[in-house]
Trainee: 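Pasting a structure below so you can have a look.
Atoms considered below: every heavy atom in the structure, side chains included; atoms not considered: hydrogens, waters and symmetry mates. Numbering starts at 1 and runs along the sequence shown. As the structure lists them, so they are numbered: ligands from 1, and atoms in each ligand from 1.
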Amino acid sequence: MVVDERIVTFIHSLETPENMILEEIEQEAIDAHVPIIRKETQSFLKVVLMMKQPSQILEIGTAIGFSAILMSEYMPEDGRITTIEKYEKRIPTARENFRRAGKEGQITLIEGDALEVMGALEGTYDFIFMDAAKGQYIHYLPDVLRLLSDGGVLMSDNVLQDGDVIESRFAVERRNRTIHSRMREYLYELKHHRQLITSILPLGDGIALSVKRER
Ligand code: SAH
Ligand code: MG
């Protein structure tokens, strides 16, 4: 936990429910141990969407579709979401959830590895939600920058890795070291790239919010 547990509990106590279908899907995800966006991160995502009003959204990491359906509730009416997932077990569930929520017209799921799928995407997106394998974010960045419109917003989830990111490389379990150094590199890039203005927030599992400027 990045933030004091009592503060998180307090913030959660103020949250209000989403519509029934979203509440059901969230519970099903939790029951099946699918790692979906946390409550406090959901609220932040909603606020950013309401401010940005994006018409083209790209999500990297669909899981079973919870965050895509949530975003569809807070985007403009003509908004469209493209979401990428590679895990075969989750794809049929995600499709079924989009159907249950009546969102098949607004949400397009593309199956495959995010790097390959993004490489073939054209056009621009005014909001990108990065929520896939943490160790890959740094590899996705060139495509993300190509696909993000000027003034576009990139929101990256799970960037503080439950606090691990601040530990010395040697304090991190060996199997987590690659992710640890790649996430540090990713955050460094987000903060130093000349086209990105980034704020790193200790919210949920850590969020980075970036805006792309023209040059
Ligand atoms: N955004 C979802 C949660 C996503 S969990 C929500 O909040 O509801 C992260 C997902 O990214 C997992 O389902 C995982 O299978 C997927 N993923 C991981 N690496 C990927 C890759 N290289 N390409 C596509 N999807 C990937
Ligand atoms: Mg996440």
Trainee: Return the residue, atom name and 0.1 Å-rounded distance of the protein heavy atom closest to atom 12 (C) of ligand 1.
Mentor: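 That would be Arg90 NH1, 3.2 Å.
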Trainee: For atom 22 (N) of ligand 1, what's the nearest protein heavy atom and its distance?
Mentor: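 Looking at atom 22 (N) of ligand 1, the protein heavy atom closest to it is Asp113 OD1, 2.8 Å.
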Trainee: With respect to Phe129, determine whether any N or O atom, backbone or side chain, lies less than 3.5 Å from an N or O atom of ligand 1.
Mentor: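 Between Phe129 and ligand 1 (N or O atoms, distance only) the closest approach is not under 3.5 Å.
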Trainee: Which protein N, O or S atoms does the Mg ion (ligand 2) have within a distance shorter than 2.8 Å?
Mentor: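 Under 2.8 Å from the Mg ion (ligand 2) - ignoring waters, which are not counted - the protein N, O or S atoms are Asp131 OD1, Asp157 OD2, Asn158 OD1.
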Trainee: Ignoring hydrogens and angles, tell me if any N or O in the side chain of Ser168 forms a donor-acceptor pair with the backbone of Phe170 under 3.5 Å.
Mentor: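 Flag set: sc Ser168 to bb Phe170 pair under 3.5 Å.
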Trainee: Are His193 and Leu145 packed together at the side-chain level, in the sense that at least one heavy-atom pair is separated by less than 4.5 angstrom?
Mentor: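 Touching, per the 4.5 Å side-chain cut-off.
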Trainee: Does any part of the side chain of Phe129, heavy atoms only, come nearer than 4.5 Å to the side chain of Val48, both counted from C-beta?
Mentor: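 They are not in side-chain contact.
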Trainee: Ile37 versus ligand 1: do any nitrogen or oxygen atoms come within less than 3.5 Å of each other?
Mentor: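 In this structure, Ile37 places an N or O atom under 3.5 Å from an N or O of ligand 1.
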Trainee: In the protein, what heavy atom is nearest to atom 25 (N) of ligand 1, and what distance, to one decimal place, separates them?
Mentor: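 Protein heavy atom with the smallest distance to atom 25 (N) of ligand 1: Lys86 N, 3.4 Å.
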Trainee: Quick check on contacts: which atoms of ligand 1 are under 4.0 angstrom from a heavy atom of Phe66?
Mentor: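 Near Phe66, the atoms of ligand 1 are 8 (O).
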Trainee: Please report the shortest heavy-atom distance between Gln56 and Asp126, naming the atom on each side.
Mentor: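 Shortest heavy-atom separation between Gln56 and Asp126 comes out as O-OD1, 2.7 Å.
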Trainee: Does a side-chain N-to-carboxylate-O contact under 4.0 Å join Arg182 and Glu185?
Mentor: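 No, this pair does not count.
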Trainee: May I ask you to identify the nearest protein heavy atom to atom 14 (C) of ligand 1, giving residue, atom name and distance to one decimal place in Å?
Mentor: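 Nearest neighbour among protein heavy atoms for atom 14 (C) of ligand 1, to 0.1 Å: Glu85 OE2, 3.4 Å.
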Trainee: I need the contact type for Val34 against ligand 1. Using non-hydrogen atoms and a strict under-4.0 Å cut-off, is it side chain, backbone, both or neither?
Mentor: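 Neither; nothing of Val34 gets under 4.0 Å from ligand 1.
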Trainee: Below 4.0 Å, non-hydrogen atoms only: which portion of Gln136 touches ligand 1? Side chain, backbone, both or neither.
Mentor: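 Under 4.0 Å from ligand 1, Gln136 contributes no heavy atoms.
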Trainee: Taking atom types as modelled and ignoring hydrogens, do the side chains of Ser43 and Glu15 form a donor-acceptor contact shorter than 3.5 angstrom?
Mentor: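 The answer is yes; a qualifying pair exists.
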Trainee: With a 3.5 Å distance limit and no angle check, can you tell me whether Thr9 reaches the backbone of Glu5 through a side-chain donor-acceptor pair?
Mentor: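 Judged by distance alone, yes, a pair lies under 3.5 Å.
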Trainee: For Lys39, is there an ion pair with Glu26 - N to carboxylate O distance below 4.0 angstrom?
Mentor: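 Salt bridge present between Glu26 and Lys39.
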Trainee: Verify the distance criterion only: is there a donor paired with an acceptor across the side chains of Gln27 and Asp31 at less than 3.5 Å?
Mentor: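 Gln27 vs Asp31: donor-acceptor pair found between side chains.
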Trainee: Tell me, do Glu111 and Glu85 make a side-chain contact under 4.5 Å, heavy atoms counted?
Mentor: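 The answer is no, as the side chains (C-beta and beyond) never meet within the 4.5 Å cut-off.
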Trainee: Do the charged groups of Glu28 and Arg100 touch, with an N to O distance under 4.0 Å?
Mentor: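 Answer for the salt bridge query: yes.
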Trainee: Looking at Glu73 and Lys103, does any basic side-chain N land under 4.0 Å from a carboxylate oxygen?
Mentor: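 So Glu73 pairs with Lys103 through a salt bridge.
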Trainee: What atoms of ligand 1 come closer than 4.0 angstrom to any heavy atom of Ala63?
Mentor: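 Near Ala63, the atoms of ligand 1 are 2 (C), 3 (C), 4 (C), 5 (S), 13 (O).
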Trainee: Which residue and atom name correspond to the protein heavy atom nearest atom 23 (N) of ligand 1, and how close is it?
Mentor: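 Among all protein heavy atoms, the one nearest atom 23 (N) of ligand 1 is Ala114 N, 2.8 Å.
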Trainee: Which option, Ser67, Ala133, Ala94, Gly61, owns the non-hydrogen atom nearest atom 6 (C) of ligand 1?
Mentor: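 Result: the heavy atom closest to atom 6 (C) of ligand 1 is in Ser67.
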Trainee: Nearest protein heavy-atom contact for atom 5 (S) of ligand 1: which residue, which atom, what distance?
Mentor: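 Answer, as residue, atom name and distance: Pro35 O, 3.4 Å.
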Trainee: Among protein heavy atoms, which lies nearest atom 9 (C) of ligand 1, and at what distance?
Mentor: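 Heavy-atom neighbour on the protein nearest atom 9 (C) of ligand 1: Asp131 O, 3.1 Å.
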Trainee: Would you please say whether a donor-acceptor pair under 3.5 Å links the side chains of Tyr186 and Gln136?
Mentor: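 Tyr186 vs Gln136: no donor-acceptor pair found between side chains.
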Trainee: At less than 4.0 angstrom from any non-hydrogen atom of Gly112, what atoms of ligand 1 do you find?
Mentor: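 In order of number, 23 (N), 24 (C).
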